[in-house]
Amino acid sequence: MEFEKQQEVKMARRIELKGVANALNACFVSRNNDFAGYWAIGQLKSFALANSLSSMTFSLIKPNSKFNCNLQNFIVAHYSGILGYLLTKQQIPECWVIKAGILIDFNVHYKQAQLFHCSASGEPYRCCCEITDDAGRRYASIIYGRCQPHSAVKELKSSRKSTI
């Protein structure tokens with residue numbers, strides 16, 4: 001007698017968007033988030049300083065289909081793809097997400113950041129990933145960290161195979 005494997009039917013819940021926001025944010029601030037072999041956060045810090053910006057926002061909904069090889073476009077395309085993957089994996093309909101974005105703020109006060117003592121290198125930053133659902137509820141993840149502006153002289157280039 002053969003028994004068929006029953007596939008587990010899962011009903012998605014909007015509260016799972018909080019987990020998606022957490023996963024996106026953790027991936028974004030990870031040291032594995034590199035562009036052209038160097039940590040993307042450090043490169044964003046350098047870009048912000050060079051352009052007198054204190055923060056940068058990346059919308060992850062309906063990114064521009066034109067992809068050129070600059071850091072900002074790479075981030076939008078890459079993290080829009082990760083968002084889509086996570087929604088599919090969690091069986092969350094894309095139509096539930098009306099807004100999604102990542103904000104990185106380099107103008108963070110030390111007291112606000114509440115950083116661990118072992119993270120002494122660089123200045124604090126705040127990264128917030130926020131997803132808004134079709135009912136208007138917002139799901140946010142906030143991570144604090146420290147970074148220095150990108151310097152090819154001080155940093156080691158990643159030895160991983162680059163996609164860019």
Side-chain angles (χ1 to χ4, degrees), residues 12-63 70-90 92 94 96-133 135-152 154-158 160 162-164:
R13 297 178 10 204
R14 284 175 175 80
I15 193 68
E16 292 176 63
L17 291 171
K18 174 70 173 170
V20 171
N22 285 333
L24 271 172
N25 210 16
C27 184
F28 187 79
V29 301
S30 166
R31 293 286 177 172
N32 291 322
N33 176 14
D34 62 89
F35 177 75
Y38 295 101
W39 190 36
I41 302 290
Q43 292 182 64
L44 290 172
K45 172 83 173 179
S46 291
F47 180 86
L49 289 171
N51 292 282
S52 301
L53 300 172
S54 62
S55 65
M56 300 174 75
T57 303
F58 303 97
S59 175
L60 304 180
I61 301 294
K62 296 183 182 171
N70 76 29
L71 177 58
Q72 292 81 13
N73 288 335
F74 170 78
I75 286 171
V76 169
H78 184 69
Y79 286 94
S80 293
I82 292 175
L83 172 62
Y85 170 78
L86 291 171
L87 293 176
T88 300
K89 186 176 178 187
Q90 293 297 112
I92 299 171
E94 285 187 23
W96 284 4
V97 177
I98 60 165
K99 187 177 176 186
I102 296 174
L103 165 79
I104 185 154
D105 184 3
F106 296 108
N107 189 19
V108 177
H109 300 289
Y110 284 91
K111 284 186 179 180
Q112 271 184 306
Q114 300 174 349
L115 299 170
F116 296 107
H117 295 291
C118 61
S119 300
S121 178
E123 296 176 354
Y125 68 85
R126 175 182 177 267
C127 188
C128 177
C129 178
E130 188 172 290
I131 297 173
T132 305
D133 70 13
R137 286 183 296 258
R138 296 185 328 197
Y139 307 89
S141 170
I142 297 172
I143 297 175
Y144 290 93
R146 291 182 185 262
C147 71
Q148 295 179 349
H150 166 66
S151 168
K154 293 181 182 179
E155 293 179 62
L156 293 176
K157 190 170 184 176
S158 173
R160 285 178 297 194
S162 179
T163 57
I164 296 295

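A tilted orientation is assigned to the rings of Phe28 and Phe58, their planes being inclined by 30° to 60°.
Residue Val97 is tested with Asp133, Leu17, Leu60 for a side-chain contact (heavy atoms from CB on, under 4.5 Å); the sole match is Leu17.
Atoms CZ and CD1, on Arg126 and Ile104 in that order, are 11.0 Å from each other to the nearest 0.5 Å. To the nearest 0.5 Å, atom CG of residue Leu24 and atom CD1 of residue Ile82 are 6.5 Å apart. To the nearest 0.5 Å, atom NZ of residue Lys18 and atom CZ of residue Arg13 are 14.5 Å apart. We find the CD-SG distance between Gln43 and Cys147 to be 11.5 Å, quoted to the nearest 0.5 Å. Distance check: Ile131 CD1 to Ile61 CD1 gives 8.0 Å after rounding to the nearest 0.5 Å. Note that the CG atom of Asn33 and the OH atom of Tyr79 stand 3.0 Å from one another [nearest 0.5 Å].
In the model, Asn22 has a side-chain atom that pairs as donor or acceptor with a side-chain atom of Ser141 under 3.5 Å. Between the side chains of Ser54 and Asn107, not a single donor N or O lies within less than 3.5 Å of an accepting N or O.
Trp39 places a side-chain N or O within donor-acceptor distance of the main-chain N or O of Ser30, the cut-off being under 3.5 Å. Of the possible donor and acceptor atoms, one in the side chain of Thr88 sits under 3.5 Å from a partner among the backbone N and O of Gly84. In terms of modelled atom types and a separation under 3.5 Å, the side chain of Gln90 and the main chain of Val20 share no donor-acceptor contact.
Nearest heavy-atom pair, Ser59 versus Val76, reported as atom, atom and distance to 0.1 Å: O-CG1, 3.5 Å. Closest approach of Phe47 to Met56, counting heavy atoms only: CD2-CE, 3.5 Å. Contact between Lys45 and Gln148 at its shortest, heavy atoms only, is CG-C, 4.1 Å. Among all heavy-atom pairs drawn from Val108 and Tyr125, the shortest one is CG2-C, 3.8 Å.
Side-chain contact between Ile102 and Ile75 is absent, with no heavy atoms from C-beta onward closer than 4.5 Å. Residues Ser55 and Leu103 meet the side-chain proximity criterion, which asks for heavy atoms closer than 4.5 Å. Two residues are said to be in side-chain contact when any heavy atoms from C-beta on lie closer than 4.5 Å; Glu123 and Phe106 fail this criterion.
Annotation: Gln72, atom CD; neighbour count of heavy atoms from other residues, nucleotides and ligands within 6.0 Å is above 12.
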Show your working on side chain to side chain contact (heavy atoms under 4.5 Å, CB included) between Phe35 and Asn70 and close with a plain yes or no.
-> CA-CA 9 Å; Phe35 177 75; Asn70 76 29; 5.6 Å; no
